[in-house]
There are 2 protein chains.
Amino acid sequence: MNDAPPRRKFRREGEERRRQDLIEATLDCVAEYGLEGATVRAIARRAGVTAGLIRHYFPNKEELLQATYATIVGRMTEQAKAALAMDNASPRRRLAAFVEANLTPPVIDARIFSLWAGFIGRATHDPALAAAHRVGYLGFRDELEALVAEVLAAEDQVADKAQTRAHAIAINGILDGLWIEGCLADDLFGPRELAGIAISTVEALLRLKPEREETP
Amino acid sequence: MNDAPPRRKFRREGEERRRQDLIEATLDCVAEYGLEGATVRAIARRAGVTAGLIRHYFPNKEELLQATYATIVGRMTEQAKAALAMDNASPRRRLAAFVEANLTPPVIDARIFSLWAGFIGRATHDPALAAAHRVGYLGFRDELEALVAEVLAAEDQVADKAQTRAHAIAINGILDGLWIEGCLADDLFGPRELAGIAISTVEALLRLKPEREETP
DNA sequence: ACGCTATTTATACACTTGCATAACAACGCC
DNA sequence: GGCGTTGTTATGCAAGTGTATAAATAGCGT
């Protein structure tokens, strides 16, 4: 008569490890089924735990989603900044590396895009998200603006402040736009085609000399 | 003892009219609460009908959403193409007008963006939406490619096919990227600033002569 | 003026969702 | 090795979801 189902075995994990696992599971779910498919049960199944556990690490689902969003934003900016760290290279090369880093995997990634779209769509109604986006955007643009100023200085161009700002806005737009297309339809482009197009465009915008003229 | 609630009065509408009303109501709901807020009941309430009626015009909710998406895609491309209709102007001016049309109201609009974001997030996993996006994108890009070819021809530049394609991809990216920023944070930019930046960038990309040189 | 029929309402159903709670067991500590 | 802490499971619930179905009525053809 003992038809009581055997209780599931489990292991205790470290707090940080579990949180990270849950976030990763959320990313997987969003990638596969979209934001709407990222239910607590689906996430838990993916993470190999039961649904209730989520509430033990996050006060509610919303916070898990925000933590997930913060994770990918951090991951992306980290990738981009890594490209800036090449201190020995010329400003022009660093700009090119920066552009390329933003338009190749792992930044070009359908999973990330799916999550980004889900969140950014909410930014219109959710002031907190709108503010988060703004901070990230302006930070990114400032970085870009500094880089542009360096490049122009190295090329002996007058770096008008307004002009530099405009350039940064434009480059940021190019990166955003091509990033989207790359995430949505990478099969339409060659492996490094988007990066190449972006670099050409940026160099034309900054009126850099067209070809290899590093050492006159 | 007659506590039977009085049945709601209603009017019969023409089929096409009702379908359009339901689509419009869906647009409102998505714009206001996001895709997740566009439930059949919310949509029906918005349209001033009861939920069951939706199923009388659409076999299921999914089809209503697809019809809605098709509607906004059509509306956006229609707006953009209208700017191309200035037949008497020079290719260069028409390109500038096209760019400007895509980066000023009513194309720059938080509501439209909200809709776009909601749907595009699904396009990663929903094949039907992905296909819809792709035809829209490629159609837009083809239009752009033809325009670029005209401009280059008028400027006596050799119009390499691959180069023209690359230019169109780049311009499309610029438009997308700046469109997003404009929709999300129009207060960060002057009224026509984004359009101006985009036009400058495009002209630099196509290596057009910098200033007013229309009549040498 | 009166039915006919298709549009519209009303109600119900099966299912999913996020969240709350209680029982349980893995693991560190003495 | 027993024990307490707490990470983890199991179960339940109320609200909301899309959909199915039947009843009602608006408005047209006659």
Side-chain angles (χ1 to χ4, degrees), chain A residues 2-26 29-30 32-69 118-119 122 126, chain B residues 2-26 29-30 32-69 118 122 125-126 128-129:
Chain A
N2 182 9
D3 53 355
R7 193 167 246 257
R8 181 175 172 173
K9 301 296 185 193
F10 61 92
R11 272 187 48 211
R12 295 185 156 194
E13 290 286 354
E15 159 146 0
E16 213 42 52
R17 168 67 187 272
R18 266 275 193 267
R19 286 180 65 95
Q20 209 51 47
D21 281 356
L22 289 175
I23 288 177
E24 212 59 43
T26 306
C29 287
V30 171
E32 203 152 336
Y33 316 106
L35 241 192
E36 71 206 338
T39 70
V40 285
R41 287 170 175 82
I43 294 168
R45 191 172 341 119
R46 195 92 179 195
V49 298
T50 49
L53 189 59
I54 288 181
R55 284 265 322 200
H56 193 262
Y57 287 98
F58 299 91
N60 50 44
K61 186 191 173 184
E62 194 60 31
E63 295 229 14
L64 168 58
L65 287 181
Q66 286 181 22
T68 307
Y69 184 59
F119 273 100
R122 289 187 174 176
D126 184 337
Chain B
N2 181 8
D3 52 354
R7 193 169 246 256
R8 180 175 175 177
K9 300 297 184 192
F10 61 91
R11 270 187 49 211
R12 297 185 154 194
E13 290 285 356
E15 159 147 1
E16 213 40 53
R17 168 66 187 274
R18 262 282 138 81
R19 285 180 64 95
Q20 209 50 48
D21 280 355
L22 288 174
I23 289 177
E24 212 60 42
T26 307
C29 288
V30 174
E32 200 154 335
Y33 314 107
L35 241 192
E36 70 206 339
T39 70
V40 286
R41 286 170 177 81
I43 294 169
R45 192 174 338 119
R46 196 91 179 198
V49 297
T50 48
L53 190 59
I54 289 180
R55 287 271 319 211
H56 192 263
Y57 287 98
F58 298 91
N60 51 47
K61 185 191 174 185
E62 195 59 32
E63 294 227 15
L64 168 59
L65 287 181
Q66 288 179 21
T68 306
Y69 184 58
R122 277 173 89 136
H125 29 85
D126 183 335
L129 285 183

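All chains are named by letter (A, B, ...) in the order of the sequence lines, taking the proteins before the strands, and each is independently numbered beginning at 1.
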Going by side chain to side chain donor-acceptor pair (under 3.5 Å), name the pairs with one or both residues in residues 49-64 of chain B, residues two or more places apart or in two chains.
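Side chain to side chain donor-acceptor pair (under 3.5 Å) check on residues 49-64 of chain B returns B:Glu62-B:Arg122.
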Of C:dT7, C:dT17, D:dT8, the nucleotide closest to the side chain of B:Phe10 is C:dT7
Using a cut-off of 4.0 Å on non-hydrogen atoms, how would the nucleic acid contact of B:Glu13 be classed: base, sugar-phosphate, or nothing?
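B:Glu13: backbone/sugar contact only, no base atoms under 4.0 Å.
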Hey, does A:Arg41 reach any base, or is it just sugar-phosphate, or nothing, if we go heavy atoms under 4.0 Å?
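Answer is base: heavy atoms of A:Arg41 come under 4.0 Å of a base.
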If you look at every heavy atom in B:Arg46 and B:Cys29, which pair is closest and at what distance?
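Looking at all heavy atoms of both residues, the shortest contact is CB-SG, 4.2 Å.
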Taking all non-hydrogen atoms of both residues, which atom of A:Ala47 and which atom of A:Leu22 are closest, and how far apart?
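Reported closest heavy-atom pair: CB-CD2, 3.8 Å.
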With rounding to the nearest 0.5 angstrom, report the CD1 to OG1 distance, A:Ile43 to A:Thr68.
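Reported value, rounded in 0.5 Å steps: 7.0 Å.
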Spacing of A:Arg18 atom CZ and A:Ile54 atom CD1 [to the nearest 0.5 Å]
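These two atoms lie 11.0 Å from each other.
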Residues in contact with DNA chain D, drawn from residues 42-67 of chain A - heavy-atom cutoff 4.0 Å:
A:Val49, A:Thr50, A:Gly52, A:Leu53, A:His56, A:Tyr57
Taking the nucleotide of DNA chain D with the closest heavy atom to each, which residue, B:Glu36 or B:Lys9, is nearer the 5' end?
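Checking each residue's closest nucleotide, the 5'-ward one belongs to B:Glu36.
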I need the [atom1]-[atom2] distance between [X] and [N], as an integer number of Å.
| X | N | atom1 | atom2 | value |
| --- | --- | --- | --- | --- |
| B:Arg19 | C:dA6 | CZ | P | 18 Å |
| B:Glu15 | C:dA6 | CD | P | 12 Å |
| B:Asp21 | C:dT7 | CG | P | 15 Å |
| B:Arg7 | C:dT7 | CZ | C1' | 11 Å |

Side-chain donor/acceptor of A:Arg8 to base of D:dT9, under 3.5 Å:
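Looking at the base of D:dT9, it does not pair with any donor or acceptor on the side chain of A:Arg8 (distance under 3.5 Å).
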D:dT5, OP1 or OP2 - any side-chain N/O from A:Arg12 closer than 4.0 Å?
no
Test A:Leu65 against A:Phe119 for side chain to side chain contact (heavy atoms under 4.5 Å, CB included), laying out the working first.
CA-CA 9 Å; A:Leu65 287 181; A:Phe119 273 100; 3.6 Å; yes
